[in-house]
Each structure stands twice: as structure tokens, then as C-alpha cells.
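Reviewing the structure listed below.
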Amino acid sequence: MHLAYPAVLAVLLFCTGLYGVLARRNAILVLMSVELMLNAVNLNLVAFDVWLRDALHGGQALTLFTIAIAAAEIGIGLAIVLLVYRNRGSSDIDRLRDLAEQPAGPDGAAGSPQAQPDTGAEATA
């Protein structure tokens with residue numbers, strides 16, 4: 001088996017996933033694109049394992065670890081996306097920028113630097 005065939009397929013999969021991460025606005029589609037990128041890495045690991053005829057099958061073992069990490073990542077990612085969808089009504093990534101705290105102003109409302117208590121380090125100086 002030539003190494004070029006799975007390597008070219010892995011490059012195409014990775015580039016498709018990279019395009020999906022950079023161009024999509026929906027969080028679910030971004031997570032799917034990350035999965036495509038991880039599958040491209042898995043394909044490369046298995047292809048190089050077969051090509052090198054490794055006796056310990058290190059590429060296949062690393063592939064199993066990558067699959068386990070991908071499953072954990074997609075579980076946590078989907079939980080976050082569901083919570084954001086319940087609170088915001090949309091899973092648009094551009095709207096997630098609104099989650100950061102904004103400074104309120106000079107009246108000392110929540111989020112302003114004046115309303116936060118001293119930690120004690122500045123009080124001793």
C-alpha cells in the first residue's frame with residue numbers, strides 16, 4: 001500500500017475540517033468540523049503504523065486515545081452548546097461574545113472595578 005493515498009485523504013479531511021472551523025457560525029457545525037480534523041489525524045496515525053510495520057502498533061494505540069479524547073470533547077461541547085441554546089435561543093458563535101462581563105460605569109454597579117472587594121494585598125502596602 002502506498003502511503004500517499006491515505007495521506008492525501010487525511011489532508012483533504014483536515015482542510016475540510018479547518019474550513020468548517022473558520023467559516024461556520026453554528027457551534028454544532030464547528031464541533032463536527034473539529035471531529036473531522038481529529039479523524040484526519042487518526043487516519044494518518046493508522047496509515048503510518050501500517051506503513052512502518054510497527055510491532056507494538058503504537059499508531060493504533062494513539063488512535064484509540066484520540067477517539068476517547070474526542071468523545072469526551074464532544075460530550076462537554078454539546079452540553080455547553082445546549083446550555084447556551086437554552087439561555088440565548090441560538091447557538092450562533094458570534095452571539096457568545098456577549099457572555100463576558102461589561103463594566104457598568106462610575107456608579108459602582110456589578111462588574112465595575114470599584115465594586116470588587118480588596119484582596120488584602122493592596123491594603124497592606
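- Of all heavy-atom pairs between R24 and G20, the closest is CG-O, 2.9 Å.
- Residues V46 and L43 do not share a hydrophobic cluster, defined by chaining ILVMFWY side chains whose heavy atoms lie under 4.5 Å apart.
- Distance alone, capped at 3.5 Å, places no donor-acceptor pair between the D49 side chain and the L45 backbone.
- With a 4.5 Å cut-off on side-chain heavy atoms, I93 and V30 count as touching.
- The residues D94 and R25 are annotated as salt-bridged, a charged nitrogen and a carboxylate oxygen being separated by less than 4.0 angstrom.
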| field | side-chain contact (heavy atoms from CB on, under 4.5 Å) assessment of E35 paired with E73 | value | CA-CA 9 Å; E35 291 294 321; E73 173 258 334; 2.9 Å; yes
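- We find the CG-CG distance between N42 and L64 to be 8.5 Å, quoted to the nearest 0.5 Å.
- Residue I80 holds its CD1 atom at 9.0 Å from CG of L31, rounded to the nearest 0.5 Å.
- Rounding to the nearest 0.5 angstrom, the gap separating the CG atom in L29 from the CG atom in L36 is 11.0 Å.
- Between D92 and N26 there is no side-chain heavy-atom pair separated by less than 4.5 Å.
- I74 and L38 are members of different hydrophobic clusters when ILVMFWY side chains are connected at heavy-atom separations under 4.5 Å.
- Shortest non-hydrogen contact noted between L13 and A40 is CB-CB, 3.8 Å.
- When the side chains of ILVMFWY residues are joined at heavy-atom separations under 4.5 Å, either directly or via intervening members, Y5 and L12 end up in two distinct hydrophobic clusters.
- Interatomic distance, CZ of F14 versus CG of N44, reported as 9.5 Å (0.5 Å rounding).
- From F48, atom CZ reaches atom CG of D54 across 13.0 Å, with rounding to the nearest 0.5 Å.
- Across S91 and Y85, no two heavy atoms sit closer than the pair N-CD1, 4.0 Å.
- Here CG of L83 is found 11.0 Å from CG of L78. Values are rounded to the nearest 0.5 Å.
- In this structure, I76 is a member of the same hydrophobic cluster as V84, with clusters built from ILVMFWY side-chain heavy atoms closer than 4.5 Å.
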